[in-house]
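Below: the structure, in structure tokens.
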Amino acid sequence: MQATNDMSLLSLISHASVPVQLIMLMLLGISIMSWTYIFAKRLAIKRAHAQTRRFEDDFWSGGDLSMLQQAVASRRDEQGALARIFDAGMTEFLKARRGTSTDATALLDGPRRAMRAAYQREMDALESHLNFLASAGSVSPYIGLLGTVWGIMHAFIGLSNMQQATLASVAPGIAEALIATAIGLFAAIPAVVAYNRFTNDIDRISIRFDSFVDEFLNILQRQVR
């Protein structure tokens, strides 16, 4: 280990041992991926809120449901998750009504299952990459700590080859090692905050979807009586 008088961040990283540098590089990659998913998920949730609000306004405006379903079916990707759930249920309901069954339970069973399947697909899409944020938030500090432990161990091994150990000789090695912990925290904290925030936002959207499915089934039930 060579002592250096340059205590700048870049100098400390460049003089760190190879294992510590690899750990820093890994944490940097985790941080970049976390921020990529954070920005993408924030935009996706914001878009889901806007699309849900717009569809609810159209649905509760009192228009014809068949015409609304046709409008949604013609532009499914633009309408949003709740519109696609409605489309799945309404399409199945129209198919059931064209059949021979007149039993209300049988007529509603198909739309209920279709909407639940569509609901699950939409929630899976909204929750994508949340597991990565949770893992990044929980694992990154330990990866950084591993780099710190390795760096400090490397620093003290280097001291054993010196005739006289001073604070000036050990400080750069310890500082290099502690940077790994700092980078680990830098990767973990935004991931944890974003995960908690997105989980809460998605839970609120999920409640709105659940409420809509129940209310829509009640509307369909009144139509088959």
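V213 is linked by a side chain to side chain contact (heavy atoms under 4.5 Å, CB included) to I85, M115, R116, L217, counting only residues two or more places apart in sequence or in another chain. Residues meeting the side chain to side chain contact (heavy atoms under 4.5 Å, CB included) test with A136, sequence neighbours left out: I30, S34, F132, S140, A191. Listed by chain and number, the residues in a salt bridge (Lys or Arg N to Asp or Glu O under 4.0 Å) with R113 are D109 (sequence neighbours excluded). Not a single side chain to side chain contact (heavy atoms under 4.5 Å, CB included) links S138 to another residue, sequence neighbours left out. For E122, the salt bridge (Lys or Arg N to Asp or Glu O under 4.0 Å) test picks out R84, with sequence neighbours left out. In this structure R197 satisfies the side-chain hydrogen bond (donor to acceptor under 3.5 Å, both in side chains) test together with D201, sequence neighbours excluded. Legend: residues meeting side chain to side chain contact (heavy atoms under 4.5 Å, CB included) with T199, ordered by chain and number and at least two apart, are L130, Y195, D203.
Remark: F93 CZ to R112 CZ distance equals 12.0 Å, nearest 0.5 Å. Annotation: the span from I23 atom CD1 to I179 atom CD1 amounts to 13.0 Å, rounded to 0.5 Å. Note: I205 CD1 to L82 CG = 10.5 Å, rounded to the nearest 0.5 Å.
The same ILVMFWY cluster, assembled from side-chain heavy atoms under 4.5 Å apart, contains both F209 and I45. Under the 4.5 Å side-chain heavy-atom criterion for grouping Ile, Leu, Val, Met, Phe, Trp and Tyr, F198 is connected to M33 within one hydrophobic cluster. Hydrophobic clustering keeps V192 apart from L185 (ILVMFWY residues linked when any side-chain heavy atoms are closer than 4.5 Å, directly or through intermediates). At a threshold of 4.5 Å between side-chain heavy atoms, the hydrophobic network of Ile, Leu, Val, Met, Phe, Trp and Tyr places I202 and F212 in one connected group. One hydrophobic cluster holds both W35 and L133 under the rule that ILVMFWY side chains link at heavy-atom gaps under 4.5 Å.
The side chain to side chain donor-acceptor pair (under 3.5 Å) contacts involving residues 45-56 comprise E56-R208, where partners must be two or more places apart or lie in separate chains. Pairs passing the side chain to side chain donor-acceptor pair (under 3.5 Å) check and including a residue from residues 60-71, sequence neighbours excluded, read Q69-D87, Q69-T91. Sorted by first and then second residue, the ring-ring contact (aromatic ring centres under 6.0 Å, His included) pairs with a member in residues 64-92 read F55-F86, F59-F86, F86-F216; sequence neighbours excluded. Screening residues 124-145 for salt bridge (charged side-chain N to carboxylate O under 4.0 Å, His left out) gives no qualifying pairs among residues at least two apart or on separate chains.
With hydrogens and angles disregarded, no donor-acceptor distance shorter than 3.5 Å links the side chain of K95 to the backbone of G110.
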For residues 144-151, dump all side-chain donor-acceptor pairs below 3.5 Å to protein atoms at least two apart in sequence or in another chain.
| residue | atom | partner | partner atom | Å |
| --- | --- | --- | --- | --- |
| T148 | OG1 | G144 | O | 3.2 |
| T148 | OG1 | A177 | O | 2.8 |
| T148 | OG1 | T181 | N | 3.3 |
| T148 | OG1 | T181 | OG1 | 2.3 |

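Among all heavy-atom pairs drawn from A194 and I38, the shortest one is CB-CG1, 3.6 Å. Contact detail for P141 and G137: the closest heavy-atom pair is CD-O, 3.6 Å. Residue A187 comes nearest to L27 through the heavy atom pair CB-O, 4.0 Å, listed as atom of the first residue, atom of the second, then distance. Among all heavy-atom pairs drawn from A114 and E92, the shortest one is CB-CB, 4.0 Å. When every heavy atom of M123 is checked against every heavy atom of S206, the shortest pair comes out as CE-CB, 3.6 Å.
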Item to check | Trace of the side chain to side chain contact (heavy atoms under 4.5 Å, CB included) decision for E215 with I219 | outcome: CA-CA 6 Å; E215 291 168 345; I219 292 174; 5.5 Å; no
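Counting heavy atoms from C-beta outward, L94 and R98 have side chains that approach closer than 4.5 Å.
Side chain to side chain, Y37 and S128 fail the donor-acceptor criterion of an N or O pair below 3.5 Å.
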